[in-house]
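Just follow the structure's listing: the first ligand is 1, and inside any ligand the first atom is 1.
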Amino acid sequence: MNFLVINTDSPKQTEELGQKLGKLLEPADVVCLIGELGAGKTAFTRGLGQGWGTTARVTSPTFTLINEYARPNDGRILFHLDCYRLTNDDDVETIGLEDILAADGAVVIEWPQVASGWLPDDRLSIEIEHVDEETRAFKFSGSGERSKWLVNQVSES
Ligand SMILES: Nc1ncnc2c1ncn2[C@@H]1O[C@H](COP(=O)(O)OP(=O)(O)OP(=O)(O)O)[C@@H](O)[C@H]1O
Ligand SMILES: [Mg+2]
């Protein structure tokens, strides 16, 4: 399966959905979160971090641009990026995206559009649509073998 839509009706449900994906992620996985301001990208990543196994509470990387969360069992890092403020390739280079992608961690990117040329072909994209005040539609799509497998696993869990 390479396409899946799941609606959530509260931030808590969004975190639970993120947690499911976080449990499945492994180093080298790349997840793109696409959606307007307040769509729920950070809320989703908060749950994803829990699933990954970090004990820290995931907060928005709006100002830091990159946050890192190690998981205790093997020390692997979840990188959480926010590219909202980046406008061109020079900006993307400045934050060190290449090094992050080469590091042995999983990567979640909010506002990935500016960085798309740097990202691996096989990546999981999630478009989040604001349906109403409390409802969000999460549209998962995989562009390669690994990301399609992830979509499949989320759909079955
Ligand atoms: N079903 C839902 N899932 C997630 N968030 C929801 C939901 N319903 C309401 N909300 C609210 O929407 C907001 C989502 O904020 P969040 O910071 O996760 O958005 P974001 O997509 O990361 O925005 P930004 O682009 O500014 O970083 C929160 O205020 C949250 O309480
Ligand atoms: Mg955010």
S.K.: When you group the ILVMFWY residues by side-chain heavy-atom contacts below 4.5 Å and let the links chain together, are Leu65 and Ile77 in the same group?
M.R.: yes

S.K.: Out of curiosity, does Leu97 fall in the hydrophobic cluster containing Ile34 (side-chain heavy atoms, cut-off under 4.5 Å, transitive links)?
M.R.: no

S.K.: Run the salt-bridge test on Glu129 and Arg136 with the 4.0 Å N-O cut-off and return the result as yes or no.
M.R.: no

S.K.: Salt bridge (charged side-chain N to carboxylate O under 4.0 Å, His left out) with Arg146: which of Asp29, Asp122, Asp121?
M.R.: Asp29

S.K.: Looking at Glu16 and Lys12, is any side-chain nitrogen of the basic one under 4.0 Å from a carboxylate oxygen of the acidic one?
M.R.: yes

S.K.: Between Phe140 and Phe3, is the ring centre distance below 6.0 Å?
M.R.: no

S.K.: Ignoring water, what protein N, O or S atoms are under 2.8 Å from the Mg ion (ligand 2)?
M.R.: Thr42 OG1, Glu110 OE1

S.K.: Strictly below 4.0 Å, N to O, side chains only: are Arg76 and Glu68 in salt-bridge contact?
M.R.: no

S.K.: What does the 4.0 Å heavy-atom contact list look like for ligand 1?
M.R.: Thr8, Asp9, Ser10, Pro11, Thr14, Glu36, Leu37, Gly38, Ala39, Gly40, Lys41, Thr42, Ala43, Glu110, Trp111, Glu133, Glu134, Arg136

S.K.: Assigning hydrophobic clusters by single linkage (Ile, Leu, Val, Met, Phe, Trp, Tyr; side-chain heavy-atom cutoff under 4.5 Å), is Leu78 placed with Ile100?
M.R.: no

S.K.: For Tyr69 and His80, take the angle between the two ring planes, folded into 0 to 90°, and tell me which bin it lands in: parallel under 30, tilted 30 to 60, perpendicular over 60.
M.R.: tilted

